[in-house]
Amino acid sequence: MRLVTFIEPQLGATYDQQRRVAQLSEDLGFDGFFRSDHFTGNSASDDRLPGPTDSWVTLGAIAVQTSRIRIGTLVSSATFRLPGPLAISVAQVDEMSGGRVELGLGGGWLEREHTAYGIPFPPTGERLDRLEEQLEIVTGLWTADGPYTFQGRHYQLADSPALPKPVQTPRPPVIVGGKGKKRTPALAARFADEFNAPFSSLTEASALFDLVREACTAAGRASAPAFSAAVVLCVGRDEAELAHRANAIGRSVDDLRTAGDAVAGTVDEVVDKLGRWGEAGAGRMFLQTLDLSDLHHLELVASGVAPQLS
């Protein structure tokens, strides 16, 4: 199983904090460093200094300050950027990183951040329509052999030079994720190299994986995408350390141990829980790390958890 460090900078993180976590994650042998793409948290209590940072600006800098680790978003919102400029940005960061970028792209869901920064927030159906067109355009621009034209309901491109091209061929991996039961699996079957079940219980995620497999069969796709999941991480060498880390992120140990959105406990507990995710089909786990000042947390995962999952 591959382990990914996943952070939420909209909750308050400087670029320097993000860089340190990314570089440490690389040094410790993690598979990837991914970040959310949000401009606010869920409520006013989440709005902390220094404020949000732009995901692709940040990843461009991290691309040249790391050398091995995979980097990307989980997930960028189709409401934030036009698909043409997004394809350019990601292709550029892919070149800057030497071909280590992955694009997670979703429809957007948090209305608060849209109203806070003047971003249109259409109804759910339109957001998914726009996501579908964006997935087709971004992947089309990356792989087009010559000028690219697209005529959709929401986006139209005429004779685009379809440049720059990413380093990875035929293109950077695309991650589609979410809990939708119909359109999300269909979009994953059509576009995704990886499907991510975000903050779901193991039972819920297994059902989502099955829906994606069924959508692939219906679409005539030969094999399903890779599967992954995002979970809250909280691990301690003993109960006292575990309680300290739980308190630092505003959760109780009992809650974290039983919640479907978390993998929490002592080292042996976390190894067992991640092993169950692997048995369910998840080849990669995105471990949400909320306390970016606690670098020993990642060190414990690398030294105590990861070796037992290899």
Side-chain angles (χ1 to χ4, degrees), residues 5-22 33-62 71-90 92-93 101-135 137-138 153-155 174-180 183-184 187 196 198-200 230-232 248-251 261-262 286 288-293:
T5 303
F6 174 47
I7 67 170
E8 302 268 8
Q10 77 276 5
L11 301 180
T14 64
Y15 170 72
D16 195 50
Q17 285 179 305
Q18 296 175 67
R19 175 193 56 78
R20 286 200 303 269
V21 172
F33 168 85
F34 278 63
R35 54 157 290 163
S36 59
D37 193 357
H38 285 295
F39 295 118
T40 71
N42 292 355
S43 66
S45 63
D46 295 325
D47 298 336
R48 308 182 190 117
L49 291 173
T53 50
D54 182 271
S55 62
W56 287 104
V57 171
T58 301
L59 291 170
I62 286 174
I71 58 175
T73 52
L74 198 73
V75 293
S76 289
S77 172
T79 58
F80 291 170
R81 300 166 182 87
L82 296 172
L86 176 62
I88 291 171
S89 295
V90 179
Q92 181 180 2
V93 178
V101 157
E102 303 182 27
L103 171 63
L105 189 60
W109 61 273
L110 182 56
E111 184 173 8
R112 180 175 184 265
E113 66 187 336
H114 292 76
T115 57
Y117 288 99
I119 304 168
F121 187 70
T124 302
E126 181 179 334
R127 295 200 306 276
L128 290 173
D129 290 343
R130 288 179 177 273
L131 171 61
E132 182 173 5
E133 290 189 16
Q134 288 212 8
L135 286 164
I137 292 167
V138 170
R153 179 180 178 186
H154 301 287
Y155 307 103
V174 170
I175 303 170
V176 173
K179 299 182 180 181
R183 293 197 66 180
T184 300
L187 291 175
N196 182 271
F199 304 105
S200 306
V231 293
V232 180
I249 61 173
R251 303 276 294 264
D261 69 340
F286 290 72
Q288 185 194 58
T289 306
L290 294 173
D291 184 0
L292 301 189
S293 67

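Throughout, numbering of the chain's residues begins at 1 and tracks the sequence.
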Undergrad: Checking side chain to side chain donor-acceptor pair (under 3.5 Å) for the pair S89/R81: CA distance, chi angles, key distance, verdict?
TA: CA-CA 10 Å; S89 295; R81 300 166 182 87; over 6 Å; no

Undergrad: With a 4.5 Å cut-off on side-chain heavy atoms, are V57 and Y15 touching?
TA: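 No, their side chains stay 4.5 Å or more apart.
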
Undergrad: Report yes or no: does Q10 contribute a side-chain atom to a donor-acceptor pair with the main-chain N or O of H38 at less than 3.5 Å?
TA: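 Looks like no, no N/O pair under 3.5 Å.
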
Undergrad: Rounded to the nearest 0.5 Å, what's the gap from CG on L11 to CG on D291? Could you check?
TA: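 L11 CG to D291 CG: 11.5 Å, rounded to 0.5 Å.
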
Undergrad: Considering all heavy atoms of both residues, which atom of P52 and which atom of F39 are nearest to each other, and what is their separation?
TA: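 For P52 and F39, the tightest heavy-atom pair comes out as CG-O, 3.3 Å.
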
Undergrad: Is any side-chain heavy atom of D129 closer than 4.5 Å to one of R183?
TA: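 Yes, close enough: below the 4.5 Å cut-off.
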
Undergrad: Side chain to side chain contact (heavy atoms under 4.5 Å, CB included) for L187 and E132? Distances and angles first, verdict last.
TA: CA-CA 7 Å; L187 291 175; E132 182 173 5; 3.6 Å; yes

Undergrad: Supply the atom-to-atom distance E113 CD to N42 CG, rounded to the nearest 0.5 angstrom.
TA: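 Between atom CD of E113 and atom CG of N42 there are 9.0 Å.
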
Undergrad: So, does Q18 use its side chain to make a donor-acceptor pair with the main chain of P9 at under 3.5 Å?
TA: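 Answer holds: no.
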
Undergrad: Check whether any side-chain N or O of E102 sits under 3.5 Å from a backbone N or O of G72 as a donor-acceptor pair, and report yes or no.
TA: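 Judged by distance alone, no pair lies under 3.5 Å.
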
Undergrad: Checking E8 side chain against Q288 main chain: does a donor-acceptor pair fall under 3.5 Å?
TA: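 Answer holds: no.
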
Undergrad: Has the side chain of K179 got a donor or acceptor atom that lies under 3.5 Å from a matching backbone atom of F199?
TA: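 A pair under 3.5 Å: yes.
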
Undergrad: Can you see which heavy atom on T79 is nearest to which on S77, and at what distance?
TA: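 For T79 and S77, the tightest heavy-atom pair comes out as OG1-OG, 2.6 Å.
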
Undergrad: Could you please spell out the steps behind the salt bridge (charged side-chain N to carboxylate O under 4.0 Å, His left out) verdict for R251 and D261?
TA: CA-CA 12 Å; R251 303 276 294 264; D261 69 340; 3.2 Å; yes

Undergrad: Quick one: are E126 and T124 in side-chain contact, heavy atoms under 4.5 Å?
TA: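 With C-beta onward as the side chain, the pair stays apart.
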
Undergrad: Taking the six-membered ring for Trp, are F80 and H114 closer than 6.0 Å centroid to centroid?
TA: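 Aromatic pair counts; centres sit under 6.0 Å.
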
Undergrad: Determine, stepwise, if the pair T289 / F33 fulfils side chain to side chain contact (heavy atoms under 4.5 Å, CB included).
TA: CA-CA 11 Å; T289 306; F33 168 85; over 6 Å; no

Undergrad: Answer yes or no: is there a side-chain heavy-atom contact under 4.5 Å between R112 and D47?
TA: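 Touching, per the 4.5 Å side-chain cut-off.
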
Undergrad: Could you give me the CA-CA distance, side-chain angles and deciding distance for V21 and T5, then say whether side chain to side chain contact (heavy atoms under 4.5 Å, CB included) is met?
TA: CA-CA 8 Å; V21 172; T5 303; 3.6 Å; yes

Undergrad: For residues L131 and G107, report the shortest heavy-atom separation together with the two atoms involved.
TA: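 Here L131 and G107 meet closest at CD2-N, 3.6 Å.
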
Undergrad: In the structure I gave you, are the side-chain heavy atoms of L103 and V138 within less than 4.5 Å of one another anywhere?
TA: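 In contact.
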
Undergrad: Could you tell me which non-hydrogen atom of L74 sits nearest to which non-hydrogen atom of A230, and how far apart they are?
TA: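 Minimum heavy-atom contact is CD2-CB, 4.0 Å.
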
Undergrad: What are the two closest heavy atoms between G108 and R127, and how far apart are they?
TA: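 Taking G108 first and R127 second, the nearest heavy atoms are O-NE, 2.9 Å.
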
Undergrad: So do L86 and L105 actually touch side chain to side chain, heavy atoms under 4.5 Å?
TA: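 SC-SC contact between L105 and L86 confirmed.
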
Undergrad: So, Q17 side chain and L292 main chain: donor-acceptor pair closer than 3.5 Å or not?
TA: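 Flag not set: sc Q17 to bb L292 has no pair under 3.5 Å.
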
Undergrad: Mind checking whether L110 and F121 have side chains closer than 4.5 Å, heavy atoms only?
TA: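 L110 vs F121: side chains apart.
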
Undergrad: Any donor-acceptor pair under 3.5 Å linking the side chain of R35 with the backbone of I7?
TA: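 Not confirmed, R35 side chain does not pair with I7 backbone.
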
Undergrad: Step by step, work out the side chain to side chain contact (heavy atoms under 4.5 Å, CB included) result for V75 and N196.
TA: CA-CA 10 Å; V75 293; N196 182 271; over 6 Å; no

Undergrad: Could you tell me which non-hydrogen atom of G118 sits nearest to which non-hydrogen atom of P120, and how far apart they are?
TA: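 The answer is O-CD, 3.7 Å.
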
Undergrad: How many angstroms lie between CG in D37 and OG1 in T53, if you round to the nearest 0.5 Å?
TA: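 One gets 9.0 Å once the value is rounded to the nearest 0.5 Å.
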
Undergrad: Can you tell me if T73 uses its side chain to pair, donor with acceptor, with the backbone of G104 under 3.5 Å?
TA: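 Such a contact is found between T73 side chain and G104 backbone.
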
